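Here is the structure we will look at.
Because the structure is a prediction, the values reported are computed rather than measured.
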2 protein chains.
Amino acid sequence: MNVNIGALRYDGDKESGPLSVTMPRRTKAEAEATREALLDAAEEVFFDKGVARASLEQIARHAGMTRGAIYWHFKDKADLFHALLNRVRLPFEELLDEVRETSGIDSPLETLRLACHNSLVRIERPRDRRTHAILLHRCEFFSDINPLEMQNRLVRECQKSMYKQLRHAHDLGLLAPGLAPETATRLLQSMLSGLVHDWLRDPASFPLRDEGGALIDTLFGLISWNA
Amino acid sequence: MNVNIGALRYDGDKESGPLSVTMPRRTKAEAEATREALLDAAEEVFFDKGVARASLEQIARHAGMTRGAIYWHFKDKADLFHALLNRVRLPFEELLDEVRETSGIDSPLETLRLACHNSLVRIERPRDRRTHAILLHRCEFFSDINPLEMQNRLVRECQKSMYKQLRHAHDLGLLAPGLAPETATRLLQSMLSGLVHDWLRDPASFPLRDEGGALIDTLFGLISWNA
DNA sequence: ATATTTACATTCATTTATGTATGGATGTAG
DNA sequence: CTACATCCATACATAAATGAATGTAAATAT
């Protein structure tokens, strides 16, 4: 079996148009590679021009293909968009699990703090950064896609995980006196949400890990009980 | 002079299409009224369908006009969009001035806190709410419009005003010990930004004034110096 | 070895939005 | 009372994107 994942076959035509006049069918591995290439191209073009203004023709050309390839691998633009988001999906709960497993910490507040730090690290990775920027700042609704509902689902899911930790911390008396876990949750979630929004709008304006990390630590210092 | 602002002339045709086959020119006041009607229609259609998917035809029909009216009053879609934003523009500094004038408070921290409350009240007004929702969640770049740059300008301007207040508060020893005014600024701005984003995405999910107000008070309680 | 399916490229028909050009009736200035 | 400018409606030309249909050579199954 000809396993050749990750490299498209070329036939001398170095231009970024269709590979040749009668380019034939590829092996399964090559087909999977072109699917990924199409997703990469969609990521770039969506990011640069916005989802609405990005045509499937531009995306296909950017990947060295034609629209035929897109319509083979994806139903339409919306389907392509969904596939794009699925590549970077990561529930906040899994970030918490990761922290719980790697570090031997049992304090719910410390676990949460580290998970927040890790979420910033995640979102700095180019693919995650661009994809989140697309979802937050570069797409409106179209066909059956409602990015606002998607964002809502993500936020609520994240809030739920945060609340579980802060509720636990509150029960252990770790929170500042008079601070309800519900309030602490909104405080943390809104701050992180705003921070990420601001940074994604202009990543060059400030270093996310540094300033964001300091902000997280400051907030956790403020909401923690201290003698 | 026939002053008749706020009411379009009808000629028996109650349908929402063009008023009549050969509807003539209006008075200056009527023309200004249709301009406002077009902006109202744009606000609604942009909000419902997103800026990219909203056609000028739909907007015109929604106002009981045709595209001819739009192209008379505005250069193109981008110009219409700009005019829409100008209706609700309000710098944060003016909110601060308003507080300084109406209340006799001289504490920079209290002034800032009240201005934050007032900003929530402002954004709950239907026109402000819809327009901000359009800018934040319902438009991508198109032609010469870059909503991300617009958002950036607004945020930086707001940050600047907040920082002036917090810097002043810090110099007066009003901030919690060890809390830099730069950090406090980011904390407050990110939280407010995230809060507004979340609320605009789904205004029914929680009451902004109540929960947001409580959040503001909590945060100011945390960042203030207290014996 | 043949038949079939796969993985695209190419072509075509349709839709949709835009910008402009033109027309026409009335307000308004003189 | 005329003349012109204003405020729109209508008509037209153009462009761009979509989705479906079709073609096709190689991979794969039989």
Side-chain angles (χ1 to χ4, degrees), chain A residues 1-4 8-11 13 15-38 41 45 49-61 63-81 142-143, chain B residues 1-4 8-11 13 15-38 41-42 45-46 49-61 63-81 142-143:
Chain A
M1 187 176 179
N2 180 12
V3 179
N4 194 14
L8 284 174
R9 234 172 17 183
Y10 281 92
D11 58 349
D13 185 355
E15 299 309 299
S16 63
L19 299 186
S20 78
V21 182
T22 57
M23 191 59 192
R25 143 174 160 84
R26 326 293 175 79
T27 67
K28 276 192 176 181
E30 284 174 323
E32 185 54 32
T34 78
R35 197 189 117 98
E36 286 299 313
L38 288 174
V45 179
K49 312 197 47 171
V51 175
R53 311 262 309 164
S55 73
L56 297 182
E57 175 75 18
Q58 291 167 350
I59 294 173
R61 291 296 171 189
M65 303 276 148
T66 67
R67 286 189 306 127
I70 293 183
Y71 279 107
W72 173 258
H73 285 284
F74 309 97
K75 184 176 170 293
D76 54 14
K77 200 176 183 178
D79 189 39
L80 176 61
F81 182 79
F142 68 102
S143 69
Chain B
M1 187 177 176
N2 181 13
V3 179
N4 195 14
L8 283 174
R9 235 174 14 186
Y10 282 91
D11 58 347
D13 184 357
E15 301 308 302
S16 62
L19 299 185
S20 77
V21 181
T22 55
M23 190 60 191
R25 143 176 161 82
R26 325 293 176 79
T27 68
K28 276 193 176 182
E30 285 174 322
E32 185 55 33
T34 75
R35 196 190 119 99
E36 286 299 312
L38 289 174
V45 179
F46 282 165
K49 311 196 50 170
V51 176
R53 311 263 307 163
S55 73
L56 298 182
E57 174 75 19
Q58 292 166 351
I59 294 173
R61 291 295 172 189
M65 304 276 150
T66 66
R67 286 189 306 126
I70 293 184
Y71 278 105
W72 173 256
H73 285 283
F74 308 97
K75 183 175 171 294
D76 54 13
K77 200 176 184 178
D79 188 39
L80 177 61
F81 183 79
F142 69 101
S143 67

Is the shortest side-chain N/O distance from B:Trp72 to OP1 or OP2 of D:dC8 below 4.0 Å? no
Nearest heavy atom decides the nucleotide; on that basis, is B:Ala54 or A:Arg35 closer to the 5' end of DNA chain C? A:Arg35
Which listed nucleotide (C:dT18, D:dT18, D:dC7) is nearest to the side chain of B:Ala31? D:dC7
From the set C:dA17, C:dC8, D:dC7, return the single nucleotide nearest to any side-chain atom of B:Gln58. C:dA17
Testing C:dA9, D:dT18, D:dC8 for proximity to the side chain of A:Thr66, the answer is C:dA9
Selected nucleotide, minimal atom distance to B:His73 side chain, candidates C:dC12, D:dC8, C:dT18: D:dC8
Compare side-chain N and O positions of B:Lys28 against OP1 and OP2 of C:dT28 and report whether any pair is under 4.0 Å apart. no
Counting side-chain heavy atoms from CB outward, which of C:dT6, C:dC12, C:dA9 is closest to A:Arg67? C:dC12
Closest to side chain of B:Asp76, choosing from C:dG19, D:dT18, D:dC8: C:dG19
It should be established whether B:Thr27 places a side-chain nitrogen or oxygen under 4.0 Å from OP1 or OP2 of nucleotide C:dT28. no
Let me confirm one number: the OG1-CG distance from A:Thr66 to A:Leu56, rounded to the nearest 0.5 Å. 11.0 Å
Measuring from the side chain of B:Thr34 (C-beta onward, heavy atoms only), which nucleotide among D:dC7, C:dC8, D:dC8 has the closest atom? D:dC8
